[in-house]
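Computed over heavy atoms, backbone and side chain alike; hydrogens, waters and symmetry mates excluded. All of these numbers come straight from a predicted model, not from anything done at the bench.
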Amino acid sequence: MTGFARRSGEHDGSTWTWEVRSVNGRGLDVRCRLNGFEALEAVARQTVGKRFKRGSMSLNLQVVRAAGMSQVRVNEEVLQAVLAQLERLRELDVEATSATLDGILGLKGVLEQVDEPESEDEKVAREAALLKGLEAALGDLAGHRAHEGGQIAAIVADQLAEIERLTQEAQELAAVRPERIAERFRAQLDELLGGNSPIAEERLAQEIALLAIKADVREELDRLVAHIATARELLAKDGAVGRQLDFLAQEFNREANTLCSKSSDTTLTRVGLALKSTIDQFREQVQNVE
């Protein structure tokens with residue numbers, strides 16, 4: 001399911017912003033960009049895993065430290081290297097303007113900005129504030145996903161109703177199939193033999209029975225009915241049911257394929273193809289279900 005949420009806050013003079021996004025995914029995939037706070041990644045992943053079971057999630061954290069929490073210092077190693085190169089240039093008698101202090105300090109790496117050290121208590125408090133912000137952002141995201149889920153549930157319920165209607169239509173057609181198979185077999189036999197069949201009636205009945213057994217789709221239809229009932233039970237549950245519905249969609253498709261392969265009747269085949277089309281739509285929607 002898709003969604004986006006942003007939460008900002010402040011702690012001890014620093015400001016932070018969490019951005020969380022989710023798109024459809026068969027399982028749960030979490031990607032983190034914590035920009036210097038990678039120590040929080042394991043806890044952040046656990047926090048996401050407690051709330052969500054499916055979706056491709058991305059977490060982005062930006063922290064801006066307050067002025068005064070950083071200080072500027074001279075990187076003495078870089079400075080010594082620069083001075084050494086200046087002395088070498090003098091030895092080579094290179095004609096150039098003498099280096100100035102502000103010019104040397106302006107060279108990349110000579111001056112660097114470093115954060116002031118913080119105590120362990122300050123670090124723990126800051127991380128707790130950041131994780132609390134993440135919880136709030138994930139709560140907002142869950143609300144967006146729940147709203148979308150309500151809309152998807154209505155669509156899926158309509159699709160299940162259509163699958164049920166088509167299954168009932170197929171059951172009605174299947175109920176008269178043995179008679180139609182017998183009529184068609186006798187008509188084909190009469191056409192081949194010119195209406196004068198030397199085959200005994202008992203033998204004909206056996207052949208017709210074998211054809212009817214091979215073309216029997218009642219088992220597939222019974223399983224479709226059972227799958228419909230299971231899907232409705234899952235939709236009525238609280239919690240994550242997306243993977244179970246995804247599995248049911250595969251089973252729906254399997255039964256519809258078998259029904260079409262067994263059918264030798266154009267009307268039943270038409271119903272089977274309509275079933276397959278509706279099941280494909282159902283499968284696409286349950287990919288969005290948590």
Side-chain angles (χ1 to χ4, degrees), residues 1-2 23-29 53-56 145 148-188 206-290:
M1 297 177 68
T2 58
V23 295
N24 299 336
R26 294 179 64 86
L28 182 63
D29 178 33
K53 302 302 178 186
R54 300 184 85 188
S56 180
R145 285 166 57 115
E148 182 184 353
Q151 296 175 324
I152 293 173
I155 295 172
V156 170
D158 289 342
Q159 290 169 340
L160 279 175
E162 178 63 9
I163 292 172
E164 183 177 43
R165 185 191 69 78
L166 291 169
T167 300
Q168 291 173 348
E169 185 177 347
Q171 287 175 320
E172 294 170 1
L173 292 170
V176 298
R177 287 195 78 203
E179 291 81 1
R180 291 183 178 178
I181 290 172
E183 291 173 2
R184 186 165 58 249
F185 182 74
R186 291 180 183 277
Q188 291 173 343
Q206 290 176 352
E207 292 298 327
I208 291 171
L210 288 173
L211 290 173
I213 291 171
K214 289 180 180 179
D216 187 11
V217 294
R218 287 176 297 180
E219 184 178 348
E220 287 74 23
L221 293 172
D222 287 343
R223 283 198 289 266
L224 281 171
V225 170
H227 294 336
I228 292 167
T230 302
R232 284 180 170 150
E233 290 174 2
L234 290 173
L235 286 175
K237 282 184 177 181
D238 292 328
V241 296
R243 288 186 178 180
Q244 292 167 283
L245 287 172
D246 197 15
F247 172 76
L248 270 180
Q250 297 176 40
E251 295 302 304
F252 274 132
N253 195 55
R254 191 194 315 277
E255 305 305 338
N257 281 335
T258 306
L259 185 150
C260 289
S261 66
K262 284 186 174 183
S263 175
S264 58
D265 179 81
T266 55
T267 306
L268 184 58
T269 300
R270 176 187 58 79
V271 173
L273 292 174
L275 258 175
K276 283 174 58 65
S277 176
T278 306
I279 289 167
D280 284 341
Q281 295 169 11
F282 173 82
R283 183 168 54 184
E284 289 176 4
Q285 287 298 335
V286 299
Q287 296 295 321
N288 302 321
V289 176
E290 169 75 13

Pairwise salt bridge (charged side-chain N to carboxylate O under 4.0 Å, His left out) hits with a residue in residues 266-277, at least two apart: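 Listed by first then second residue: E169-R270.
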What's the separation between atom [atom1] in [X] and atom [atom2] in [Y], rounded to the nearest 0.5 Å?
X    : Y    : atom1 : atom2 : value
L275 : T167 : CG    : OG1   : 5.0 Å
E284 : I152 : CD    : CD1   : 12.0 Å
E162 : I279 : CD    : CD1   : 11.0 Å
F282 : Q287 : CZ    : CD    : 10.5 Å
D222 : H227 : CG    : NE2   : 10.5 Å
L245 : L235 : CG    : CG    : 5.5 Å

Between [X] and [Y], is any pair of side-chain heavy atoms under 4.5 Å apart?
X    : Y    : answer
N253 : Q250 : no
V286 : V241 : no
R54  : D246 : yes
L234 : L248 : yes
Q171 : V225 : yes

Heavy-atom closest pair, residues [X] and [Y]:
X    : Y    : result
G272 : C260 : C-SG, 3.5 Å
A170 : L221 : CB-CD2, 3.6 Å
V156 : Q285 : CG2-CB, 3.9 Å

Can you name the side-chain contact (heavy atoms from CB on, under 4.5 Å) partners of [X], sequence neighbours left out?
X    : value
R232 : L160, A161, E164, I228
E233 : none
R254 : E251
T258 : E220, S261, K262

For R223, side chain to side chain donor-acceptor pair (under 3.5 Å) partners two or more places apart: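 Counting only residues at least two positions away or on another chain, R223 forms a side chain to side chain donor-acceptor pair (under 3.5 Å) with E219, E255.
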